[in-house]
Each structure stands twice: as C-alpha cells, then as structure tokens.
J.: 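Just dropping this structure here.
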There are 2 protein chains.
Amino acid sequence: MAKQIPDIVIGRLPVYLRALQQMLAEGRQVTSSQELGERLGISAAQIRKDLSQFGEFGKQGTGYNIEYLANQVREILKVNKTWEVVIVGSGDIGRALAGYSGFSERGFKIRDIFDNAPERIGQQHGEFTIKDTAQLKSEVQAAGIKMAMIAVPASAAQDVADLLVDAGIRAILSYAPVNLSVPAGVRVQNIDPSIHLQRMTYYLD
Amino acid sequence: MAKQIPDIVIGRLPVYLRALQQMLAEGRQVTSSQELGERLGISAAQIRKDLSQFGEFGKQGTGYNIEYLANQVREILKVNKTWEVVIVGSGDIGRALAGYSGFSERGFKIRDIFDNAPERIGQQHGEFTIKDTAQLKSEVQAAGIKMAMIAVPASAAQDVADLLVDAGIRAILSYAPVNLSVPAGVRVQNIDPSIHLQRMTYYLD
DNA sequence: TAGATTGTTAATCGATTAACAATC
DNA sequence: TAGATTGTTAATCGATTAACAATC
C-alpha cells in the first residue's frame, strides 16, 4: 500500500501549481522554495516538506525548474489528463460555470449541463444545450464520468447528490449551501460565498 | 487583550451556523453535539471544544437550544448585523453574485456592482446599475464599507485588490484564480473551482 | 432517580518549523 | 572555491480526541 499522504498536503498542491503556472506565464524558468513561499504566504520549509512526500524535484544551490516541477505536480494530482465534468443546475451559477474558460487549461472539460425544469431543457447556452436530468445517469455511466458540480437550490441538492453517486460520480463540487451526505469513497468540496464571508467578519469591527 | 481563538475554529463556526439554521427550518428546537457532529462529519468533542472557546451554551443532559445557539454563533461571528459588500466585475460571476438571494439571510447585502468597461457601465442587472470603478473609492469610504468580492479576470485582480485596500476594504472574497498580495490586517478568501476540483482528482483513478 | 449530555482536562496525535549535512 | 538551496531529521507547536466529573 502506498504511503499515506495527509489531505492537507494534497490541498496545497493545486495552490503551488497555480503559482508555478503564473511564474511560467511571467517567463520565469527557475524558482526556490523561499520565493514560492513568499508569494503564497507559506514557509519555505513547508513547501519542501510537502514536495518531499512525492520525490525529489529540486537541485541544491539552484532550486526548482518551474516547468518540470509544474509537470510533476500535475502528474501527482492526476491533472496531466483531462477530466470530464457534468454540471447539474442551469441557473446563474450553473451557466457561469458552463461558460468559465479557466477549466480547460487546468485539466477539466465541461461535458454537459443538466436541469430538470421543462422550460429550461433544450435551451442553448453558449456551446451547451441543457439536457434533462433524467438522462444524466445513462450518459455519466456510458462516458465513465467521475466528477460533477452541483448548482441547484439547497432544497434539491441532496437529491441531486444521491443521483450523481448512483450514476457513479466520485467527486462533487457543490455550490449549494447545505451539508451533503454521501457514502465513503465519494469526495465533496463545498463553495458557499456566505460561509467564506462569515469567516472574515469575526476579524472586522 | 482577548484570548486568541485559532482561525481554524473561526472557520468552522459558519458551518455550524448553517447546520443550525437548517435544523431550525426543519422545525427542530434542540440538538446535541453528537447529532450536529454526525451531520457535519465532525467529532462531538470538537464541536463542544470549539464552542467552549466562547462560553457555555448548552445544558447537561439536554443539549443545545438551536435558536439560542444560532444567535450566539451569529453574535460571535458578528453576522447579527448586516454587512454591506461591493462587487467588482460584472461578468458572469459578478452578475451571478449580484443576483444571489442567499446573502440577505446570512448577514450580507450587496451594495453595488462596479466595472471599468465603458460598455458595461450604466447597464442594468436586476436591481443594480453597474457603476464605474472610478467611483468606487469615494463610495466605499463614504459608506464605510469593509467587505468586497472580486470577480474580474486574473490579470486585473491584483490592481482591483490594491484599489479596494486603498479604499478601506478589510475583507476580500476573490473569485480570480491568482494569489493576491495584501497588507497585514486585510483578510482574503479565495474561491477557485479549478483548485477545488484539483484537490479531488488525486483520489480518483 | 437514572440516563443523557455538557464543559473541561489530560493524553494523543499530527502538522509545522528550525536546523543542517549534502551537494549543486 | 564560496554561496545557495535542497531534502530530511528532530524539536516544537498546535489541534483533536478520549475520558469523566458535574449536573440537568
């Protein structure tokens, strides 16, 4: 069995990757744990420790080749391939996600957007035609899709999550402001702007 | 000086609050640390420990009165009042945020939405007329607004953050996929769907 | 009363940091 | 060579959990 990597370390890798890509875009070729740490507000020791969980990617005295390290991190995170993702919910958030151009260069491709409201099914949004949720399971299964985003009202989110899990989805990014309950083996990440805002008000006066 | 509360505890309080509000909506009156923990996938001991940082809110043998505890948590987080928030950026994300109905019941009110593209300024979206970013500083200062959301492209985000900080904003929720650099005393939360998705792919095969 | 659950202490567990030999 | 920076170990720090007296 492979060495167990702390989830908190996995959580930092995408942030490192984003910073590395940014440096590349600036035309940089080499960086150090110290420089990266300063950009991210993380200690250099922590970055080195995190990376050392997966191998040796740097050179003493020199630092890290940015392109090489970025590729290694992509491989670790398995985003050196493209993951198809379905969106459920075609309200403002679902449509904003469907139109978001940032996914393709980060390893994701929106496959389809689903809704169950008859007046929305069949509507065209950008390159997508909204499909009936009733077709979700067979399509997800046929295509072997493992990831989904939920952008439906809170009241419908648990039902959608159940449907997704039943269809074989194993990772869910939910924009619905509720705590979803899913079986072990299915991962959930939540995005709720109110939660993020409430996390900051404590520090204001 | 007040006892220093770990930020990780502050980060869990909004999640507790959301669950409590949900229970209230279900017509429940009383809960326990155990029940709350099961809903959230958090240990009962941790919930009791977190709450004990701020006082005693429960009753032995009985548990917590949900409405009372929710009000106490709101007070701790300072969301027992309404915070005005400005949005910068009127693309898909900015407009989705401006139209999001969930803020009002969680302690927030969108004050205005700003953009710097001449063809967008003056446009009407729902109840908002998009204002010129050039007016942001004076308006934020005059109204004493402390919170903002950034929904502009990555390339413009740091400039917007600088402007916001200069205007007196002290808490920023950013949807731009970059690491913002801000002075000490200004809080930043980031929402980047790619980051959240990349955090889950590691566990898929 | 008996059962349940809190608030808190002490023990455990895990994550971060400091420091440095190795080496480019 | 001298300077810089890695990868790693050990020390420190902080967070979580287990356990239980107090008490509703």
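Labels below follow one simple rule: chain letters A, B, ... track the order of the sequence lines, proteins then strands, and each chain is numbered from 1.
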J.: I need the CZ-C1' distance between B:Arg12 and D:dT16, as an integer number of Å.
T.: 8 Å
J.: Any idea which of C:dC24, C:dT17, D:dT17 is nearest the A:Gln60 side chain?
T.: C:dC24
J.: Select one nucleotide: of D:dT16, C:dG7, C:dA18, the one nearest the side-chain heavy atoms of B:Gln46.
T.: D:dT16
J.: Using whole Å, what does the distance between atom C1' of nucleotide C:dG7 and atom CZ of B:Phe54 come to?
T.: 15 Å
J.: Is the number of heavy atoms from other residues, nucleotides or ligands under 6.0 Å of A:Glu67 CD greater than 12?
T.: no
J.: Does B:Arg48 form a side-chain hydrogen bond (donor to acceptor under 3.5 Å, both in side chains) with B:Ser33? I'd like the steps, not just the answer.
T.: CA-CA 6 Å; B:Arg48 294 203 301 279; B:Ser33 58; 3.0 Å; yes
J.: Rounding to an integer number of Å, can you tell me how far A:Glu35 CD sits from D:dT5 P?
T.: 10 Å
J.: Checking the side chain of B:Arg187 only, and the main-chain atoms of A:Met200 only, is there a donor and an acceptor separated by less than 3.5 Å?
T.: no
J.: Counting side-chain heavy atoms from C-beta on, which of C:dT17, D:dA15, C:dT8 comes nearest to A:Lys49?
T.: C:dT17
J.: Given that A:Arg48 and A:Asp7 both sit by DNA chain C, which one's nearest nucleotide is further toward the 5' end?
T.: A:Asp7
J.: Mind calculating the distance between CD (B:Gln53) and C1' (C:dT6) to the nearest angstrom?
T.: 16 Å
J.: When the distance from CD of A:Gln34 to P of D:dG3 is rounded to whole Å, what number comes out?
T.: 17 Å
J.: Side chain of A:Ser43, heavy atoms from C-beta onward: which of C:dT17, C:dC24, D:dA15 has the nearest atom to it?
T.: C:dT17
J.: Measure the distance from CD1 on B:Ile42 to P on D:dT16 and round it to the nearest whole Å.
T.: 9 Å
J.: Output the single nucleotide from C:dT5, D:dG7, D:dT6 whose closest atom is nearest the side chain of A:Glu56.
T.: D:dG7
J.: Is there side-chain contact between B:Asn65 and B:Phe57, with heavy atoms separated by less than 4.5 Å?
T.: no
J.: Let me have the donor-acceptor pairs involving side chains of residues 148-160 of chain A, under 3.5 Å, with sequence neighbours excluded, atom names and distances please.
T.:
from	atom 1	to	atom 2	distance (Å)
A:Gln158	OE1	A:Ser181	N	2.9
A:Gln158	NE2	A:Asp162	OD1	2.9
A:Gln158	NE2	A:Ser181	O	2.9

J.: Identify which nucleotide among C:dA15, C:dA18, C:dT16 has an atom closest to any side-chain atom of A:Pro6, counting heavy atoms from C-beta outward.
T.: C:dA15
J.: Could you tell me if the side chain of A:Phe114 sits less than 4.5 Å from the side chain of A:Val86, heavy atoms only?
T.: yes
J.: Which of the following nucleotides, D:dA18, C:dT5, D:dT8, is nearest to the side chain of B:Ala45?
T.: D:dA18
J.: Just wondering, do A:Phe103 and B:Pro193 contact through their side chains at under 4.5 Å, heavy atoms?
T.: yes
J.: Whole-Å distance between D:dT5 P and A:Leu36 CG?
T.: 13 Å
J.: Counting neighbours of CD on B:Gln29 that are heavy atoms of other residues, nucleotides or ligands and sit closer than 6.0 Å, is the number greater than 12?
T.: no
J.: Return the residues of residues 63-75 of chain A meeting this criterion: a heavy atom under 4.0 Å from some atom of DNA chain D. Order them by number, or give none.
T.: A:Gly63, A:Tyr64
J.: Looking at B:Gln198 and A:Val79, would you say the former's side chain and the latter's main chain have a donor-acceptor pair under 3.5 Å?
T.: no
J.: Mind running side chain to side chain contact (heavy atoms under 4.5 Å, CB included) on B:Lys81 and B:Trp83 for me, showing each step along the way?
T.: CA-CA 7 Å; B:Lys81 49 166 275 190; B:Trp83 295 85; 3.8 Å; yes
J.: Where does DNA chain D pair, written as one dot-bracket string 5' to 3', with Watson-Crick or G-U pairs under 3.5 Å, ( ) inside the strand, [ ] for crossing pairs and | for another strand?
T.: ..||||||||||||||||||||||
J.: Return no unless some side-chain N or O of B:Ser33 is found under 4.0 Å from OP1 or OP2 of C:dT6.
T.: yes
J.: Calculate the interatomic distance between A:Ile47 atom CD1 and C:dA18 atom C1'; express it in whole Å.
T.: 16 Å
